[in-house]
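Taking it in order: structure first as structure tokens, then the write-up.
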Amino acid sequence: MLQTIQGQIQIHTENIFPIIKKAVYSGHEVFLRELVSNGVDAISKRRMAAMAGDCSEGAEGTIAIRIDREARTLTISDNGIGMTADEVKRYINQVAFSSAEDFLEKYKSENDAIIGHFGLGFYSSFMVAARVELVSRSARPEAEAVRWSCDGSPNFSLEGAERAEPGTDVILHLMEEELEYIEPSRIRTLITTYCDFLPVAVQLDGETVNKREAPWRKSPRDLSDDDYIALYRYLYPFQGDPLLWVHLNTDYPYNLQGILYFPRITGRADWEKGEIRLYCNQVFVSDSIKEVVPRYLLPLRGVIDSPDIPLNVSRSALQTDRRVRSIGGFVAKKVGDRLKQLHRDDPARYAGSWDSLAPFIKIGAMEDEKFADQVADLVLFGTTAAAGEAPGDDAAEAAATDPIACEDRVYTTLAGYRSRLAADNASRILYCTDEAGQAGALALWRGQGAEVLLADTLIDSQFIPWLEARHGELKFQRVDAELDASLHEPESELADAEGKDSGEKLRDLFKASLNDDKITVQVQSLKGEGSPAALILLPEQMRRLNDMGALMDQRLPGLPDHHVLLVNRRHPLVEGLLKLSSGAVITGAAGSSPTQQLAEALSRHIYEMARLAVGGLEPNQLAGFQQRSADLMGQLMQRGL
């Protein structure tokens with residue numbers, strides 16, 4: 001029988017416990033995670049020792065948690081390998097033989113000490129307990145039970161005890177301010193949070209609480225689509241079903257398993273924190289893993305489980321090193337491979353998921369050169385082209401054609417778009433960012449048979465310049481940047497007695513009515529019966545600078561002060577305006593006439609309608625526009641009556 005031993009933990013500072021409470025762990029609740037992890041490790045060790053014939057096998061491994069309200073104790077018991085008196089001395093006392101500083105450094109560098117060893121994890125119990133007792137009996141033959149007790153000071157006692165079966169009890173005598181941990185609902189929540197997927201049953205007052213089964217530890221061959229979706233619904237309830245998922249599994253050069261899901265993004269995604277859950281040997285560690293996965297994948301959801309990710313002593317933060325970067329690269333590659341597979345095998349489903357996939361792919365391509373190479377052929381754009389039709393009745397062949405029809409939209413890749421360009425315009429990529437705001441210019445291009453890409457997401461203002469830089473031979477041109485000769489109707493003009501043709505007269509009229517040198521007025525005859533009376537054109541580079549400034553200022557891009565007003569000479573309204581202006585008789589000292597004033601008011605109205613079409617009128621300008629429109633209608637009514 002063990003004789004009672006009184007001793008003192010040998011450390012240079014007062015004691016290690018204040019350091020554990022204040023510096024090592026960020027939250028008190030993790031004590032339960034640490035103690036349950038130690039118990040699971042003890043059960044695993046007993047199983048391996050029994051296979052080697054070194055101890056008895058015992059019953060199925062179980063972690064039992066018991067609450068005693070009257071005694072204000074919380075007991076965590078396991079039926080694992082247990083400890084002898086010598087092992088208690090080695091695993092419990094020796095952990096603090098060195099100074100506090102050496103202690104912290106030791107456990108930063110020794111990854112094996114993080115999970116599954118009595119030592120640091122065990123000492124986390126002093127965050128919530130005024131006194132801790134440990135009763136343990138080794139599963140080795142003829143071992144005797146021992147009791148270790150400590151009140152959080154350097155003093156401890158070690159003596160013989162009674163325990164019928166091998167295993168370990170950790171009895172926490174809770175502090176007054178930590179009595180929340182004798183509430184069953186609180187303990188149940190902690191089990192579900194940290195220990196839900198441990199392979200050992202974790203029981204609270206006799207009832208198994210945790211799920212026990214971790215699907216990501218299984219082979220993909222053993223999981224159905226319903227299994228994957230069920231896990232997603234369990235982890236992220238009330239958030240709909242995922243678009244697709246990626247199963248991760250590798251054991252070289254590091255051990256890592258996991259399942260990552262692409263969610264249906266309906267609002268602003270969190271690109272800084274993320275929702276992927278990090279586990280270590282099926283123990284929940286953190287839901288903030290921005291050091292592990294690349295930033296562009298943070299809004300993914302799911303689980304990454306790896307014992308090889310270096311954690312700090314509290315397991316709540318990650319230590320960035322080459323191995324972590326390598327794991328991030330592996331995850332990004334597996335995600336890229338999954339996207340490639342879906343695009344190849346089911347292009348219609350891929351196109352249908354594009355709105356949610358696009359932010360991951362576009363941001364990832366711009367931030368990661370290797371990922372950009374992987375997804376170079378996976379970037380889709382909406383297009384004005386008709387859906388591709390494959391010859392014959394083969395549905396698979398039809399689905400693989402480009403463009404791809406999906407519900408009410410058609411998609412294409414940049415390579416597919418370029419394959420349909422005429423030789424004389426093989427380097428110009430036409431695109432539209434707002435089908436409503438750029439409707440006039442878009443109609444002109446489409447009327448001449450031009451295919452236009454639809455780049456209508458906020459990130460496209462950055463993605464298109466990046467694409468242009470990546471493909472140096474290409475020039476991206478928004479439909480309202482400029483109109484080439486193919487959209488103009490050639491006309492011969494006759495000059496009047498002053499040597500001015502109709503285009504010059506219209507230009508002078510609009511410049512006089514607008515009185516703004518920042519507005520460049522052009523007059524052209526545009527093709528197409530439905531071409532508008534006037535268009536606002538924004539030179540490509542000037543507009544890009546304006547959009548970038550708006551993005552940096554976190555505001556919507558407005559109409560730049562410098563822009564082009566293109567007046568369509570063929571439009572009936574403009575033709576009537578020209579006749580009205582030509583028939584004006586200038587009278588009086590002011591050098592004007594009611595007819596001339598009406599012509600100038602109509603000119604301004606045509607300009608403001610063009611500006612309104614591109615969202616160029618600010619809210620505070622709309623009231624003035626409405627008032628001027630009403631006055632103009634009144635003048636026209638008076639002339640017609």
Side-chain angles (χ1 to χ4, degrees), residues 379-388 402-405 408-457 460-461 463-465 467-468 471 473-491 520-544 547 557 559-560 563-571 573-574 606 609-616:
V379 177
L380 298 186
F381 292 94
T383 177
T384 59
D402 187 305
I404 306 168
D408 58 347
R409 199 164 190 188
V410 179
Y411 292 90
T412 186
T413 62
L414 183 59
Y417 175 87
R418 295 183 66 186
S419 70
R420 296 184 291 275
L421 290 177
D424 56 344
N425 281 317
S427 62
R428 184 184 65 191
I429 311 297
L430 288 173
Y431 70 98
C432 169
T433 60
D434 183 348
E435 290 185 76
Q438 297 150 30
L442 180 60
L444 285 173
W445 287 106
R446 295 189 66 180
Q448 300 307 308
E451 180 181 353
V452 179
L453 298 182
L454 305 177
D456 50 9
T457 61
D460 286 326
S461 63
F463 187 65
I464 285 176
L467 270 178
E468 204 169 51
H471 301 276
E473 76 282 8
L474 299 182
K475 176 186 176 184
F476 283 75
Q477 176 184 315
R478 208 169 83 172
V479 288
D480 59 351
E482 59 182 83
L483 304 180
D484 65 17
S486 67
L487 305 180
H488 300 158
E489 195 75 65
E491 287 185 352
T520 301
V521 179
Q522 297 178 1
V523 180
Q524 297 285 348
S525 295
L526 301 180
K527 292 181 178 179
E529 294 301 321
S531 55
L535 289 171
I536 298 292
L537 300 182
L538 302 173
E540 186 73 18
Q541 295 307 317
M542 183 184 297
R543 181 194 49 75
R544 288 189 190 182
D547 289 352
L559 181 66
H563 53 270
V564 176
L565 172 65
L566 177 64
V567 179
N568 180 10
R569 185 167 45 198
R570 287 190 61 203
H571 194 279
L573 180 57
V574 176
I606 290 172
M609 286 196 301
R611 185 165 177 163
L612 185 64
V614 298

Looking at every non-hydrogen atom in both residues, tell me the closest pair between [X] and [Y] and how far apart they are.
{"X": "Phe476", "Y": "Glu468", "answer": "N-OE2, 2.7 Å"}
{"X": "Leu444", "Y": "Lys527", "answer": "CD2-O, 3.2 Å"}
{"X": "Leu537", "Y": "Ala481", "answer": "CB-O, 3.9 Å"}

To the nearest 0.5 Å, tell me how far [X] [atom1] sits from [Y] [atom2].
{"X": "Leu380", "Y": "Leu414", "atom1": "CG", "atom2": "CG", "result": "11.0 Å"}
{"X": "Leu566", "Y": "Glu482", "atom1": "CG", "atom2": "CD", "result": "11.5 Å"}
{"X": "Leu430", "Y": "Arg446", "atom1": "CG", "atom2": "CZ", "result": "12.5 Å"}
{"X": "Ile464", "Y": "Arg478", "atom1": "CD1", "atom2": "CZ", "result": "9.0 Å"}
{"X": "Leu453", "Y": "Leu467", "atom1": "CG", "atom2": "CG", "result": "10.0 Å"}
{"X": "Leu487", "Y": "Gln524", "atom1": "CG", "atom2": "CD", "result": "10.0 Å"}

Practice problem: Would you indicate whether the side-chain heavy atoms of Arg418 and Ile429 approach each other to under 4.5 Å? | Solution: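 Answer yes - side chains close enough.
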
Exercise. Kindly indicate whether the side chain of Leu442, heavy atoms from C-beta on, has any atom under 4.5 Å from the side chain of Val452.
Key: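 The answer is yes; the side chains approach within 4.5 Å.
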
Practice problem: Answer yes if the side chains of Ser525 and Arg570 hold a donor-acceptor pair under 3.5 Å, and no otherwise. | Solution: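 Arg570 and Ser525 do not have a side-chain donor-acceptor pair below 3.5 Å.
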
Quiz item: Sub-3.5 Å donor-acceptor pair from the side chain of Asn568 to the main-chain atoms of Leu526, do we have one?
Solution: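 Checking the backbone N and O of Leu526 against the side chain of Asn568, a donor-acceptor pair under 3.5 Å is found.
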
Self-check item: Side-chain (Asp402) to main-chain (Thr413) donor-acceptor, under 3.5 angstrom
Solution: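 Side chain of Asp402 to backbone of Thr413, a donor-acceptor pair under 3.5 Å: yes, one is there.
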
Quiz item: Looking at residues at least two apart in the chain, or sitting in another chain, which of them share a side chain to side chain donor-acceptor pair (under 3.5 Å) with Asp434?
Solution: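 Per chain and number, Asp434 pairs via side chain to side chain donor-acceptor pair (under 3.5 Å) with no residue.
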
